[in-house]
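Have a look at the structure below before the remarks.
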Amino acid sequence: MADSSSSLPPLSEKISYKSYFLRAVDLTILGLLYSLLLYRVVYFNQNDTVWVVAFLCESCFSFVWFLITCTKWSPAAYKSYPERLDERVHELPSVDMFVTTADPVREPQILVVNTVLSLLAVNYPANKLACYVSDDGCSALTYFSLKEASKLAKIWVPFCKKYNVRVRAPFRYFLNPLDVTEDSEFSKDWEIAKKEYEKLSQKVEDATGDSHWLDADDDYEAFSNTKPTDHSTIVKVLWENKGGVGDKEEVPHFVYVSREKRPNYFHHYKAGAMNFLVRVSGLMTNAPYMLNVDCDMYANEANVVRQAMCIFLQKSMNSNYHCAFVQFPQDFYDSNADELTVLQSCIGRGIAGIQGPLYAGSGCFHTRRVMYGLSLDDLEDDGSLSSLATSKFLAEESLAKDFGNSKEMVKSVVETLQRKSSPQNTLANSLKVAEEVGQCQYEYQTSWGKTIGWLYDSTSEDANTSIGIHSRGWTSSYLSPEPPAFLGAMPPGGPEAMLQQRRWATGLLEILFNKQSPLIGMFCRKIRFRQRLAYIYIYTWGLRSIPELFYCLLPAYCLLHNSALFPKGIYLGIILTVVGMHCVYTLWEFMSLGFSVYSWYVSQSFWRIKVTCSWLFSIPDVILKLLGISKTVFIVTKKTMPETKSRSTSGPSQQEDDCPDPNSGKFEFDGSLYFLPGTFILLVNLAALVGYSMGLQRVSNYGGGGSGLAEACGCILVIMLFLPFLKGLFEKGKYGIPLSTLSKAAFLAVLFLVFSLGM
């Protein structure tokens, strides 16, 4: 398949970003933190019990910074050269593309349609691609939208490839007006494509408002009398590329699937849907590589598949290169994701320099053989199965036990493990067996979700699957091209963001206590030590909420109780230096990526808010699960459709651009418990400052001295970090803190004040 001549330039290369200066900064901060802990120990006897609480909190912060330092020690990323692919590879491998959606209300169907159209139009031979959409909500509206998208694809895909369109999601592409000086043929085709997309958008919008008319069509009979949690398997071929040769006019295979669901069966949320996609695609096209994207993450780079293939095919030329998956960063076209972008750049590259990045749930290319449970030890140097692995995986009994009792599925698995490509069959011939492997009981007593496919037992199926792959000795690669490969939208700062953060923290914390935990199997797994530390850093996000919450309350407590929280005299310089260096360091990280000082401040604020207000709830979630009282629940995050009206040179449009929404970027609130901790923290620190200014403090009984300006400054810093809550006290509607939340927080604040002044 690939020319392995060593004289030719590589398809990809690893680039190191290590900096001795940044290493020195990391170590300096770590040293200062340990110096602060030592100071706490030395002066234990001269201070209040608050000194012990501060010591425990700062010990947690020091441990976290140690994990960060280890993770960021040798940052790296890969660079691909897709322009070299054609001269090096005689026949490109096939790729199956997966899109998952679960709720037609919380996930607007026009977003799903745009994601699918962008994937169908990528620069890759159409006869080598297949797009599968999993609808876990079994929605006739979703099927209708995708059916209409398949019609538009016959116009959109050739248009994109003919004119080498860069942005291949219509709702983003048509934001820019047509240049009247363009070639007349292009202008004509542009107008046709835009008109057809607007028709599709209107049809989807009309169907969203009233979908009852869909019942009259026989094609929608399978959706009659169905519920999202109670329906049979549905598999429909929306478009089949029959006899395709990879011509630019062709459209890839396009398949709709919805697995069976029954009220009495646990369906494992997105992980279960992904495993069904693996089985269906294995029966129909059985591509050696698989791409999965969320329904709101469209392909922004037309060569994204070719870039990933540069990594995988470089592996086939180098026996020491064992890449299981290629992860692209999750980038966003709105302004709510600056912090995540910086996190991926710093921490993501750091992990990529060890054993490879974590699988992030979207924008990732997987190797099918690896997802079928292969370990690195199961392969010979040439990539074929070892004799031991052959007897282990290809035995008839073990195949049926691990992969299910479908003979067609077992045959597909054998072909994958042996790297054999089966002749292209008509997709319709696989419909019946595809429906069978989607039945609820198919996975019963098999290895699906245990050692095969996407792993279960966590709502963060991506991180759970990721450590399972790395534990078998595989590496992964991090590709961050420009322009970004995939773009999506983050939920606004409010209830939906809190819900998403809670789900992430809960899922990560679940893994810390399941069979994939990096805390167990220290020597029997093939995961590298620093990679294990990186996983611990990620998985303990939820636990960090406790010391963060206490540390936000300590300045207020000490100010009211008249106890010293921070060192006195020259030793106060330790705290000031740590805080100053951390601020300058993180500010540099933001500004080096082109973000502003204000963006840095907003991100620092949201970090404190999500840790104390959202991650905090992951702890009781996991405790209740471990006690068998309740199970964690996967709640789909609500996606928002951005403004898609195309700009023009006309007056009204221009005026809209010049007059932005005054509420843009405001923090939203509701009556959920997520906002109770933040409101409580704000009220406590405000009350402490008022009490300090009025002299309402206890008389200090400790030799370490009482509170003073340092503790007051600590309260001011906390209030600055919770500024959205301070603004929420004076706003109305969804931008104001509800009276119920404010009343509960005020009651808790009064109890805190009584405790602080009375103890």
| message | Checking side chain to side chain contact (heavy atoms under 4.5 Å, CB included) between I351 and each of Q531, K72, Q344, R530, which is the one that passes? | response | Q531
| task | Kindly write out the residues that satisfy side-chain contact (heavy atoms from CB on, under 4.5 Å) with S16, not counting sequence neighbours, or none if the list is empty. | result | K18
| query | How far apart are the closest heavy atoms of W615 and A505, and which atoms are they? | reply | CD1-CB, 3.6 Å
| Salt bridge check: are D377 and K526 linked by an N-O gap of less than 4.0 Å? | yes
| request: With the side chain counted from C-beta on, respond yes when I467 and S471 share a heavy-atom pair under 4.5 Å apart, and no when they do not. | output: yes
| message | On the six-membered ring of Y17, is R349 placed so that its NZ or CZ lies under 6.0 angstrom from the centre and within 45° of the ring axis? | response | yes
| query | Does NZ or CZ of K631 lie under 6.0 Å from the centre of the six-membered ring of F266, at an angle within 45° of the ring axis? | reply | yes
| query | Between D462 and K270, is there a salt bridge with N-O shorter than 4.0 Å? | reply | no
| query | Are R306 and E301 close enough for a salt bridge, meaning some N to O gap below 4.0 Å? | reply | no
| field | Face-on cation placement of R532 at Y535 ring, 6.0 Å and 45° thresholds | value | no
| Ring geometry between H470 and F325 (parallel below 30°, tilted from 30 to 60°, perpendicular above 60°) | tilted
| said: Taking side-chain contact (heavy atoms from CB on, under 4.5 Å) as the definition, give me every residue that meets it alongside L30, ordered by chain and number, with sequence neighbours left out. | reply: Y34, W65, F66
